[in-house]
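These notes concern the structure reproduced below.
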Amino acid sequence: GQQVMQIPQYQHVQEGEDFTTYCNSSTTLSNIQWYKQRPGGHPVFLIQLVKSGEVKKQKRLTFQFGEAKKNSSLHITATQTTDVGTYFCATASGGNNRLAFGKGNQVVVIP
Amino acid sequence: NAGVTQTPKFQVLKTGQSMTLQCAQDMNHEYMSWYRQDPGMGLRLIHYSVGAGITDQGEVPNGYNVSRSTTEDFPLRLLSAAPSQTSVYFCASRPRAGPNEQFFGPGTRLTVL
C-alpha cells in the first residue's frame, strides 16, 4: 500500500515562533489528509488536499500539496501552547476505504 | 449526537484471554475502521467495513476478527490475546460521501500481560 513519511519526528518550538512539518511519499498520492492528536486524546481531522499545488489556510495553519502530489506540508505561525500535540498526515487508497498514516510529528511548545 | 463511542476505556488481559472491544456510532456512517496506535508507529489499520455485512482486512489484521451486523456497531475481537497486542485501539467512522474525514472514538488502552 501507499506509504507516507513524516519529518521531523519531534520538534520543540518556542511559543510565538513558526514551524513546519513535512509529509513525503515516493509515489504520487491521490489525496493527503492532516490530523492532530492532543496528548492523551484521539486524532482529529484538520483538512484534506486533493489538487496539485493546492494551498489551504485555517487561521494560523497553512497546508500545501506539492505540484507532483508526492509531498505536503503544514506550516503553523505564531505557535501557541494549544498547538502542542502530534500531527499526522495520511493518505486514502483502495477507493478511499484504506487510510495509511505517517508516524507523526510530535510537537512540544516551550512557553 | 454522541459521535463515536468505545468501551471499555482501559482493559488488562492475561495472555491467551479473549475479549471484544466495542465501537458504536450514531451518525449513520457507512464506513467504519479499527486502528492500533503504538509509540513511534503512528496509526495502523487493522480491519475496516464499508457497510453492514461487509468487512475487509487492513495492514495488521492477524489476531483480530471483526463483524458488522448493523450500521451502528463494529466490534473488534481478540481471540487469544498476546503481549504484542498491547496498544491503544481507535475506532473511526466516516460517511460514504464527503471529504473522507474520519471521526475517531476516544480509544481503548489495552495491556496484555
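Quick note on labels: first sequence line is chain A, next is B, and so on, each numbered from 1. Just so it is clear, the model here is predicted, and its values are computed rather than measured.
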| Contact list for residues 10-19 of chain B, test side chain to side chain donor-acceptor pair (under 3.5 Å), sequence neighbours left out | none
| Among the clusters formed by ILVMFWY side chains lying less than 4.5 Å apart, do A/Y35 and A/I47 turn up in the same one? | no
| field | When A/G40, A/G41, A/P43, A/G102 are compared by non-hydrogen pairs under 4.5 Å with chain B, the top option | value | A/P43
| Ring centres under 6.0 angstrom apart (A/F45, B/F104) | no
| B/R44 side-chain N/O to A/A100 backbone N/O, donor-acceptor pair under 3.5 Å | no
| message | In this structure, would B/V66 and B/I46 fall into the same cluster of hydrophobic residues linked by side-chain contacts under 4.5 Å? | response | yes
| said: If you compare all heavy atoms of A/L99 against all heavy atoms of B/Y35, which two are closest, and at what distance to 0.1 Å? | reply: CB-OH, 3.2 Å
| What pair of heavy atoms forms the shortest contact from A/F101 to B/L43, and how long is it? | CB-O, 3.5 Å
| field | Which atoms of A/Q9 approach chain B - backbone, side chain, both or neither, heavy atom under 4.5 Å | value | side chain
| task | Check whether A/V4 and A/L49 end up in the same hydrophobic cluster, where Ile, Leu, Val, Met, Phe, Trp and Tyr are linked by side-chain heavy atoms less than 4.5 Å apart. | result | yes
| request: Pick one of side chain, backbone, both or neither for B/R94, based on which atoms fall under 4.5 Å of a heavy atom in chain A. | output: side chain
| message | If hydrophobic clusters are built by linking Ile, Leu, Val, Met, Phe, Trp and Tyr wherever their side-chain heavy atoms come under 4.5 Å apart, do A/F88 and A/V50 end up in the same one? | response | no
| Where does B/Q57 contact chain A at under 4.5 Å (heavy atoms): side chain, backbone, both or neither? | backbone
| Between CD of A/Q48 and CD of B/E101, what distance do you get to the nearest 0.5 Å? | 9.5 Å
| note | For B/V4, the other hydrophobic cluster members (4.5 Å side-chain criterion, sorted by chain and number) are B/M27, B/F103
| message | Membership question, hydrophobic clusters at under 4.5 Å side-chain separation (ILVMFWY): are A/Y22 and A/V13 in the same one? | response | no
| task | Against chain A, work out which of B/V88, B/V50, B/L45, B/N100 has the most heavy-atom pairs shorter than 4.5 Å and name it. | result | B/N100
| Any side-chain heavy atom of B/F90 sitting closer than 4.5 Å to one from A/Q37? | yes
| said: Is it the case that atom NZ in A/K69 sees more than 12 heavy atoms from other parts of the structure closer than 6.0 Å? | reply: yes
| query | Does any donor atom in the side chain of B/Q102 or A/Q33 lie under 3.5 Å from an acceptor atom in the other side chain? | reply | no
| Who among B/G105, B/S49, B/A92 has the most heavy-atom pairs with chain A under 4.5 Å? | B/G105
